[in-house]
Amino acid sequence: MSPAIFLFVCLIVLLLISVPVGFALIISSVLTILLTEIDLPFNLITQVLLTANDSFPLMAIPFFILAGDIMGKGGISTRLFKVANAFVGHFTGGFAIATILTAMFFAAISGSGPATVAAIGSIMIPEMVKKGYDKPFATALVAAAGTIGIVIPPSIPMVIYGVTANVSIGDMFLAGIVPGILMGAGLIIWAVLYAKKHKFGKSSKKNWKERLQAINEGKWALLMPVVILGGIYGSIFTPTEAAVVAVIYGFILSMFVYREMNIKDFFKVTISSSLTTGTIMIIVAAAAIFGRILTLEQIPNQIAQVVTSISDNPLVFLLIINILFLLIGTFMETIAAIIIMTPILFPLAMGLGIDPIHFGIIMIVNLSLGFITPPLGLNLYVASGVSNLKIDQIVRKIIPAFITLIIVLLIITYVPWLSLMFLK
């Protein structure tokens with residue numbers, strides 16, 4: 001058995017028996033080095049584990065995670081919802097629309113899909129049920145809206161892709177704005193049609209005095225994306241420094257302005273975000289080892305030959321990539337998929353004349369759908385934990401949202417201008 005086949009067999013077996021992704025990648029790599037004839041020194045593992053995370057851009061990850069956790073605890077999501085609901089609550093499906101808009105705003109703060117689901121779901125699912133929405137739909141809506149969390153900037157997977165593909169993280173952030181908005185628009189259409197079919201009630205229309213009051217209460221939360229993204233594109237600070245600014249801004253807002261977080265809460269949030277960061281960094285390092293073995297075995301070249309033997313048409317290639325990533329997203333964690341698959345597919349995409357930023361957006365939008373597809377489907381599990389519903393109840397309701405997002409994905413794939421319009 002070739003080392004590459006042995007490597008993938010080990011990984012699949014370990015994932016099937018529920019070994020955490022990071023450890024599955026490390027164990028399969030170690031076994032491949034020890035038990036096959038691959039020409040790779042064992043001490044390379046320790047070197048790669050250390051150097052994989054030794055990157056200034058990757059320092060943004062723990063700070064964006066901490067910022068998202070602080071803002072989830074500090075009452076920011078509640079104020080964002082009040083602003084959205086003041087403007088759209090009186091429409092059919094207004095509460096659902098406001099929930100999606102809130103998720104989009106929170107995505108522009110946290111950079112994480114599951115964090116968006118946890119922060120929005122704990123508040124919005126009970127409120128939607130009170131308004132007459134059925135609980136499975138409310139839960140599915142929040143889980144689907146959470147996919148936008150890694151597309152609208154800032155985005156942790158975009159940081160990983162930028163480092164792996166050696167492209168501008170700032171450009172990736174800019175390119176994610178319109179695709180994220182399109183995803184939100186697609187989900188809003190689905191929510192409105194569902195609300196009309198089931199005749200859900202509307203909120204009373206707010207007058208401008210009430211709307212301005214909601215804006216005033218939420219103004220500091222609304223300004224946060226402007227501070228983060230404006231600072232990056234105004235060349236005031238780098239994406240990594242922006243993550244630190246987000247933490248400080250969120251801390252001040254939650255502790256001293258809204259006063260919904262105390263020191264005890266802050267320590268709990270810090271511990272939680274540290275555990276999440278540790279998990280991600282293990283995956284980053286482990287995926288680097290896994291990728292090194294794939295490169296040594298010339299797997300990228302072999303896959304390139306297989307794909308080009310099917311067709312060298314860029315449009316066909318993009319369709320194949322979409323199918324491939326949709327499948328990968330069902331069983332592989334997003335960050336691991338980016339680190340492993342980018343070195344394999346990136347050179348082929350460049351050879352076919354596909355823009356590297358556009359290719360990255362296609363990859364990330366694809367993998368965002370993995371958050372709502374079993375068996376991995378992390379958003380489903382987070383939403384299930386918040387709503388106390390079984391996964392299968394949520395999956396049945398989320399299928400129309402998944403189909404909607406597939407349509408949006410195809411539009412993003414074949415209309416590159418939507419991703420690249422803000423780039424020079």
Side-chain angles (χ1 to χ4, degrees), residues 97 100-101 103-105 107-108 111 113 144-155 157-158 160-162 164-165 167-193 225 229 233 307-308 310-329 334 337-338 341-342 345-373 400-424:
I97 297 171
I100 295 167
L101 293 175
M104 292 169 70
F105 266 109
T147 60
I148 306 171
I150 67 167
V151 179
I152 288 184
S155 161
M158 286 183 186
I160 297 292
Y161 176 80
T164 307
V167 300
S168 167
I169 295 171
D171 285 352
M172 286 298 298
F173 283 1
L174 272 178
I177 294 173
V178 174
I181 292 172
L182 286 176
M183 291 172 71
L187 292 177
I188 287 171
I189 293 171
W190 164 57
V192 170
L193 292 175
L229 300 178
Y233 302 121
V307 173
T308 51
I310 298 172
S311 174
D312 58 0
N313 186 314
L315 300 181
V316 177
F317 170 76
L318 289 175
L319 180 62
I320 294 171
I321 290 302
N322 280 330
I323 295 170
L324 177 63
F325 276 117
L326 286 172
L327 291 173
I328 289 173
T334 301
I338 292 171
M341 299 306 298
T342 299
L345 299 171
F346 185 83
L348 186 54
M350 297 308 97
L352 293 173
I354 297 167
D355 186 274
I357 301 296
H358 181 225
F359 180 72
I361 294 298
I362 292 170
M363 180 187 293
I364 288 166
V365 173
N366 263 293
L367 293 174
S368 76
L369 300 187
F371 283 101
I372 56 171
T373 49
F402 180 78
I403 294 170
T404 301
L405 291 174
I406 289 289
I407 294 170
V408 173
L409 168 64
L410 291 174
I411 294 170
I412 293 167
T413 299
Y414 292 111
V415 187
W417 175 79
L418 293 171
S419 301
L420 305 177
M421 66 169 69
F422 293 130
L423 303 183
K424 294 179 181 179

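We number each residue from 1, following the sequence as shown.
In terms of heavy atoms, A337 sits closest to I328 at CB-CG2, 3.8 Å. Considering all non-hydrogen atoms of both residues, A108 and P154 come closest at O-CD, 3.2 Å. T342 and A165 make their closest contact through CG2-CB, 3.8 Å (heavy atoms, listed as atom of the first residue, atom of the second, distance). What you find for T404 and G186 is that their closest heavy atoms are CG2-O, 3.3 Å.
Considering only heavy atoms from C-beta on, S155 stays 4.5 Å or farther from M172 through its side chain. At least one side-chain heavy atom of L405 sits under 4.5 Å from a side-chain heavy atom of I372. Counting heavy atoms from C-beta on, the side chains of L324 and L345 come closer than 4.5 Å. Using a 4.5 Å cut-off on side-chain heavy atoms (C-beta onward), M158 and I361 make contact. Side-chain atoms of Y233 and F173, non-hydrogen and from C-beta on, do get closer than 4.5 Å to each other. When side chains are defined from C-beta on, V178 counts as touching F422, because their heavy atoms get closer than 4.5 Å. Using a 4.5 Å heavy-atom cutoff, the side chains of F371 and I150 are in contact. Residues I148 and S368 form no side-chain contact, since every pair of their non-hydrogen atoms from C-beta on lies 4.5 Å or further apart.
Of the inter-residue distances, the one linking I357 atom CD1 with D171 atom CG reads 5.0 Å to the nearest 0.5 angstrom. Taking CE of M183 as the start and CD1 of I100 as the end, the distance is 11.5 Å to the nearest 0.5 Å. Here the CD1 atom belonging to I354 is positioned 10.5 Å from the CZ atom belonging to F346, to the nearest 0.5 angstrom. From L410, atom CG reaches atom CD1 of I362 across 10.0 Å, with rounding to the nearest 0.5 Å. Here the straight-line distance linking atom CG of N322 with atom CG of L409 works out to 4.5 Å at 0.5 Å rounding. The CG atom of L348 sits 10.0 Å away from the CG atom of D312 when rounded to the nearest 0.5 Å.
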### Task
Given side-chain contact (heavy atoms from CB on, under 4.5 Å), test F317 with I320 step by step and report yes or no.
CA-CA 5 Å; F317 170 76; I320 294 171; 5.5 Å; no
### Message
Using the rule given for side-chain contact (heavy atoms from CB on, under 4.5 Å), can you reason through V151 versus T147, listing the C-alpha separation, both sets of side-chain angles and the distance that settles it, and then say yes or no?
### Response
CA-CA 7 Å; V151 179; T147 60; over 6 Å; no
### Task
Dump the intermediate steps for side-chain contact (heavy atoms from CB on, under 4.5 Å) on V415 and L418, then the final yes or no.
CA-CA 6 Å; V415 187; L418 293 171; 3.8 Å; yes
### Task
Report the C-alpha distance between L319 and L315 in whole Å, list the side-chain angles of each, state the deciding distance to 0.1 Å, and finish with yes or no for side-chain contact (heavy atoms from CB on, under 4.5 Å).
CA-CA 6 Å; L319 180 62; L315 300 181; over 6 Å; no
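Not one N or O on the side chain of H358 forms a donor-acceptor pair closer than 3.5 Å with the backbone of S419.
The aromatic rings of F325 and F359 lie perpendicular to each other, with more than 60° between the two planes, well past the 30° mark.
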